[in-house]
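Accompanying notes for the structure given below.
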There are 2 protein chains.
Amino acid sequence: MTQPLSVDMFEELCPSDLIPLRFADKWAALILRCLDGGPRRFSELRVPLSRVTAKVLTSSLRALERDGMVSRTAHQPGTVPHVEYALTPLGRSVLDLYATVGAWAAEHWDELLEAREAYDASQ
Amino acid sequence: MTQPLSVDMFEELCPSDLIPLRFADKWAALILRCLDGGPRRFSELRVPLSRVTAKVLTSSLRALERDGMVSRTAHQPGTVPHVEYALTPLGRSVLDLYATVGAWAAEHWDELLEAREAYDASQ
DNA sequence: CGGTATCCACAAGGATACTG
DNA sequence: CAGTATCCTTGTGGATACCG
């Protein structure tokens with residue numbers, strides 16, 4: 001049974017529809033996971049994310065903040081900066097979504113790797 | 001309640017863990033959706049995906065094939081090429097996952113857009 | 001029909017150094 | 001401490017032309 005195709009797929013779904021989920025952001029999922037246990041300071045995030053430079057971490061955090069997934073709070077009791085990042089309800093929600101994606105990956109990982117090996121072997 | 005962070009997040013989860021899901025591929029989701037109604041020829045896919053060039057469509061299809069989400073079958077009855085792409089069971093499974101992601105997006109879309117407008121207005 | 005070959009533009013990511 | 005400023009590399013995606 002073959003169903004007809006839309007004339008233009010872009011009328012229904014743009015690629016940008018997925019971009020706000022930040023799946024294309026290399027570090028977004030990792031950052032959100034780091035915030036799962038509670039609010040973190042910038043320097044605290046840099047430890048587990050040691051392979052992400054400050055510049056890149058900043059820009060990812062800004063993007064997550066813009067999308068309402070992370071909140072940024074600057075406390076300034078004295079002269080020393082103190083910034084805390086925390087998950088918003090939306091951020092927590094997208095973390096659940098990542099968990100679903102992760103469960104899918106765990107279940108189908110072997111299947112995918114086998115396909116890849118088979119393909120590479122045939123080329 | 002604040003929980004401790006891992007020393008190195010990369011021990012648990014690499015960014016590459018998500019890449020095989022092809023979420024970073026700009027057209028993968030759209031291509032899989034085009035195959036949902038049945039097998040399609042290359043030129044059939046080009047119609048709804050008119051904004052994707054042949055080169056890009058080919059490379060996306062190759063990547064999907066390598067990951068076992070799409071099968072490529074070349075029928076050659078005469079001298080005229082006839083290639084069909086179809087969803088594999090794994091591809092169908094990942095389509096279900098996209099549906100879950102899409103449902104999340106539909107539910108939280110407004111929330112995300114509001115956050116974005118608020119952020120942009122404050123900058 | 002089903003692609004390749006070539007060249008190009010742009011954005012993301014990264015290395016390094018510096019600052020309020 | 002929490003970033004910026006600069007510069008550079010890479011890769012994806014795209015435009016155009018051509019081929020078995």
Side-chain angles (χ1 to χ4, degrees), chain A residues 5 9-10 14-31 34-35 39-67 70-86 123, chain B residues 5 9-10 14-31 34-35 39-67 70-86 123:
Chain A
L5 279 176
M9 223 29 208
F10 296 93
C14 283
S16 57
D17 285 357
L18 287 172
I19 293 174
L21 299 182
R22 311 223 57 73
F23 277 124
D25 186 318
K26 200 170 175 183
W27 309 115
L30 241 39
I31 292 171
C34 285
L35 295 175
R40 306 289 176 184
R41 301 181 63 170
F42 187 80
S43 51
E44 286 182 288
L45 290 174
R46 295 220 59 195
V47 177
L49 299 170
S50 56
R51 279 155 55 188
V52 186
T53 64
K55 180 199 145 193
V56 171
L57 181 55
T58 300
S59 71
S60 280
L61 282 168
R62 293 278 188 278
L64 288 168
E65 187 193 358
R66 188 169 107 99
D67 285 354
V70 157
S71 67
R72 178 183 182 277
T73 315
H75 308 277
Q76 263 153 339
T79 171
V80 54
H82 184 116
V83 176
E84 271 197 345
Y85 293 93
Q123 298 304 308
Chain B
L5 280 175
M9 219 36 201
F10 297 93
C14 283
S16 58
D17 285 359
L18 287 173
I19 294 175
L21 298 181
R22 312 221 58 72
F23 277 123
D25 186 318
K26 199 170 174 181
W27 309 115
L30 239 41
I31 293 170
C34 285
L35 295 175
R40 306 288 174 185
R41 301 181 64 169
F42 187 81
S43 50
E44 285 183 289
L45 291 174
R46 296 220 58 195
V47 177
L49 299 171
S50 56
R51 278 155 56 190
V52 186
T53 63
K55 180 199 145 193
V56 171
L57 181 55
T58 300
S59 71
S60 281
L61 282 168
R62 292 279 187 277
L64 288 168
E65 188 192 359
R66 188 171 107 99
D67 285 353
V70 157
S71 65
R72 178 183 181 277
T73 315
H75 309 277
Q76 262 152 340
T79 171
V80 52
H82 184 115
V83 176
E84 272 197 343
Y85 293 93
Q123 298 302 310

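Throughout, a chain's letter reflects where its sequence line sits, starting with A, and its residues are numbered from 1.
The structure places OG1 of A:Thr73 at 5.0 Å from NE2 of A:His75, a figure rounded to the nearest 0.5 Å.
In this structure, the side chains of A:Leu57 and A:Ile31 come closer than 4.5 Å at one or more pairs of heavy atoms. A:Arg72 places a side-chain heavy atom less than 4.5 Å from the side chain of A:Arg62. Side-chain contact between B:Val56 and B:Trp27 is present, with heavy atoms from C-beta onward closer than 4.5 Å. For the pair B:Phe42/B:Thr58, a side-chain contact is recorded, criterion being any heavy-atom separation below 4.5 Å from C-beta on. You'll find the side chain of B:Tyr85 stays beyond 4.5 Å of the side chain of B:Arg40, heavy atoms only. Side-chain contact between B:Leu45 and B:Leu61 is present, with heavy atoms from C-beta onward closer than 4.5 Å.
A:Tyr85 has its OH atom 8 Å from the P atom of D:dA2, to the nearest Å. Atoms NE2 (A:His82) and C1' (D:dA2) sit 11 Å apart, rounded to a whole Å. D:dC1 atom P lies 14 Å from atom CG of A:Leu57, rounded to whole Å.
Nucleic acid contact for B:Arg41: sugar-phosphate only, since backbone atoms but no base atoms lie under 4.0 Å from a heavy atom of the residue.
Scanning both residues, B:Ala86 and B:Leu35, for their nearest heavy atoms gives C-CD1, 4.3 Å.
Protein chain A contacts DNA chain C from C:dG13 to C:dG20, reading 5' to 3' and using non-hydrogen atoms of the protein with a distance under 4.0 Å.
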For nucleotides 4-20 of chain D, 5' to 3', base contacts (B), sugar-phosphate-only contacts (S) and non-contacts (-) with protein non-hydrogen atoms under 4.0 Å give S-B------BBB----B
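For D:dA2, the OP1/OP2 oxygens have no side-chain nitrogen or oxygen of A:Arg40 closer than 4.0 Å.
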